[in-house]
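Worth saying up front: this structure is predicted, and the values here are computed from it rather than measured. Scope of the values below: all heavy atoms of this structure, side chains included, with no hydrogens, waters or symmetry mates.
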Number of protein chains: 2
Amino acid sequence: MSNEPATEPRWLDDEEQHAWQAYLHATTLLEDHLDRQLQRDAGMPHVYYGLLVQLSRAPRRRMRMTELAQNAKITRSRLSHAVARLEKNGWVRRENCASDKRGQNAYLTDEGLRVLEKAAPGHVNAVRAAIFDRLTPEQIGQLDEICCMIADGLQPQGADLPWLR
Amino acid sequence: MSNEPATEPRWLDDEEQHAWQAYLHATTLLEDHLDRQLQRDAGMPHVYYGLLVQLSRAPRRRMRMTELAQNAKITRSRLSHAVARLEKNGWVRRENCASDKRGQNAYLTDEGLRVLEKAAPGHVNAVRAAIFDRLTPEQIGQLDEICCMIADGLQPQGADLPWLR
DNA sequence: GCTTTATTGTTAAATATTCAATAACTCTCG
DNA sequence: CGAGAGTTATTGAATATTTAACAATAAAGC
């Protein structure tokens, strides 16, 4: 038996190559841009802001840690660290879950909500300026479909991250 | 004069909201997926792999630090750290630039090239499986255009990062 | 030439993320 | 019930990234 790759891999053709390059540039630049914008205006990175948003939309502004991690597409470990930091800021707190003694709920404090509300307008502006004001409605629809397709393929089961593989 | 926002910000409508969510999910999941894939198969994160690719394509497999940083869309500082690590692995080395005494070239070693060649097939597979095999040719074209549009808006001038703002 | 300004690349320290291990708890099923 | 297997969340250590400051050199303006 051989451990050679069964066949020469199918390399990307020119169109694919170009699209892949463009994708990498756009996503890197955008994430960077939003991270800076939020760090400057709200004192936290983009991912942390996303956590506050999730909590703000949840019933009673609270959510199980695992569920929050799933929604935000990050590992539980990363979430633990992040919440620890947000807790230090007084923007989030933890409480024991009634129905499962292992569980924790994270909830958004009033102060956290204020911070979020103050940051939101600037953030939407940044997102608009970077994306939605630069694309046609058709393109927005296309982007949506493309992203859903990609995300769907990546959701399934895995190791520490049933969802992250 | 007031420091109120001049007007209520234009929030995202339903389509935009949905597309934005999808975008965040897709990009987060994908970057995570590729990071793990490359960490497992090649012992380095995705960004570092991208640096090796850039170098491999450059004349004489070498490039000025600043140019490399620009192409990869990362800060010079980040690149310095990354190259330091890659140098420890023996995959990249630095040399003084002849024409500018401040300058440094990074170049890909033979060993670095071997590592890259060994990792490339698996990486292309992962990229294909996650994106290109799941999209129609039209969608690939759309993705390309959309990403170029976004990247264009983010290239301009700035602080430590003339290109990163 | 000489002074001022800009560029290049690095560094230390603060922050964030990953990875592997762990404690505590719940669930399954014989 | 109770053993084994799975889930929940956290932790420490290793790694990576950001930020601000810096030294060295180059370029521009006079």
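Every residue two or more places apart in sequence or in another chain that forms a side chain to side chain contact (heavy atoms under 4.5 Å, CB included) with A:Val47 is listed here: A:Ile74, A:Arg78. Residues forming a side chain to side chain contact (heavy atoms under 4.5 Å, CB included) with B:Gln142 (at least two apart in sequence, or on another chain): A:Gln142, A:Ile146, B:Glu138, B:Gln139. Residues passing the side chain to side chain contact (heavy atoms under 4.5 Å, CB included) test with B:Asn96, sequence neighbours excluded: B:Gln104. A:Val115 is linked by a side chain to side chain contact (heavy atoms under 4.5 Å, CB included) to A:Met44, A:Trp91, counting only residues two or more places apart in sequence or in another chain. Checked against ring-ring contact (aromatic ring centres under 6.0 Å, His included), B:His46 has the following partners two or more places apart in sequence or in another chain: B:His123. A:Asp100 is linked by a side-chain hydrogen bond (donor to acceptor under 3.5 Å, both in side chains) to A:Arg102, counting only residues two or more places apart in sequence or in another chain.
Here D:dT25 presents its P atom at 12 Å from CD of B:Gln104, a figure rounded to the nearest Å. Between the CZ atom of A:Arg36 and the C1' atom of D:dT18 there is a distance of 8 Å, rounded to whole Å. Remark: P of D:dT8 and CG of A:Leu79 are 13 Å apart, rounded to the nearest angstrom. The distance between atom CG of B:Asp32 and atom C1' of D:dA16, rounded to the nearest whole Å, is 14 Å. If you measure from atom CG of A:Leu34 to atom P of D:dT18, you get 13 Å, rounded to the nearest angstrom. The nearest whole Å value for the distance from the CZ atom in A:Arg40 to the P atom in D:dA20 is 11 Å. The interatomic distance linking B:Arg78 (CZ) with C:dA12 (C1') rounds to 18 Å, in whole Å. The separation between A:Glu67 atom CD and D:dT7 atom P is 17 Å, rounded to whole Å.
One axis for each end of the helix from C:dG1-D:dC30 to C:dG30-D:dC1, each built from five base pairs, and the angle between them comes to 30° at 10° resolution.
Between the side chain of A:Gln54 and the main chain of A:Leu51, no donor-acceptor pair closer than 3.5 Å is present. For the pair B:Arg128 (side chain) and A:Trp11 (backbone), a donor-acceptor distance under 3.5 Å is present. A distance-only check finds a donor-acceptor pair linking the side chain of A:Glu16 to the backbone of A:Asp13 [under 3.5 Å].
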Strictly under 3.5 Å: I want the nitrogen or oxygen pairs between protein and nucleotides 2-7 of chain C, one per line.
residue, atom, partner, partner atom, Å
C:dT7, O2, B:Arg102, NH1, 2.5

Under 3.5 Å between N/O atoms: give me all the protein pairs with nucleotides 12-15 of chain D, atom names plus distance.
residue, atom, partner, partner atom, Å
D:dG12, O6, A:His81, NE2, 3.1

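Residue pairs meeting the ring pair (Phe, Tyr, Trp, His ring centres under 6.0 Å) criterion with at least one member in residues 63-82 of chain B, sequence neighbours excluded, do not occur.
Applying a 4.0 Å cut-off to non-hydrogen atoms, the residues of residues 86-100 of chain B that approach DNA chain D are B:Asp100, listed by residue number. Contacts between residues 48-65 of chain B and DNA chain C, defined by a heavy-atom separation under 4.0 Å, are made by B:Arg64, B:Met65.
Between B:Tyr107 and B:Glu95, the closest side-chain pair of non-hydrogen atoms falls below 4.5 Å.
Between A:Arg36 and A:Asp32 a salt bridge is recorded (basic side-chain N to carboxylate O distance below 4.0 Å).
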(request) Run the numbers on A:Asp144 and B:Glu15 for side-chain contact (heavy atoms from CB on, under 4.5 Å), then give the verdict. (result) CA-CA 8 Å; A:Asp144 190 1; B:Glu15 267 94 42; over 6 Å; no
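When each of B:Gly103 and A:Met44 is assigned the nucleotide of DNA chain C with its nearest heavy atom, B:Gly103 is the one assigned upstream, toward the 5' end. Each of B:Val47 and A:Asn105 was matched to the nucleotide of DNA chain D holding its nearest heavy atom; the match closer to the 5' end belongs to A:Asn105.
When the shell of 6.0 Å around CD of A:Glu31 is examined, it contains more than 12 heavy atoms from other residues, nucleotides or ligands.
When each of B:Asp110, B:Thr109, B:Leu55 is tested with B:Arg61 by the rule side-chain contact (heavy atoms from CB on, under 4.5 Å), just one qualifies, namely B:Asp110.
The shortest heavy-atom contact between B:Ala130 and A:Leu154 is CB-CD1, 4.1 Å.
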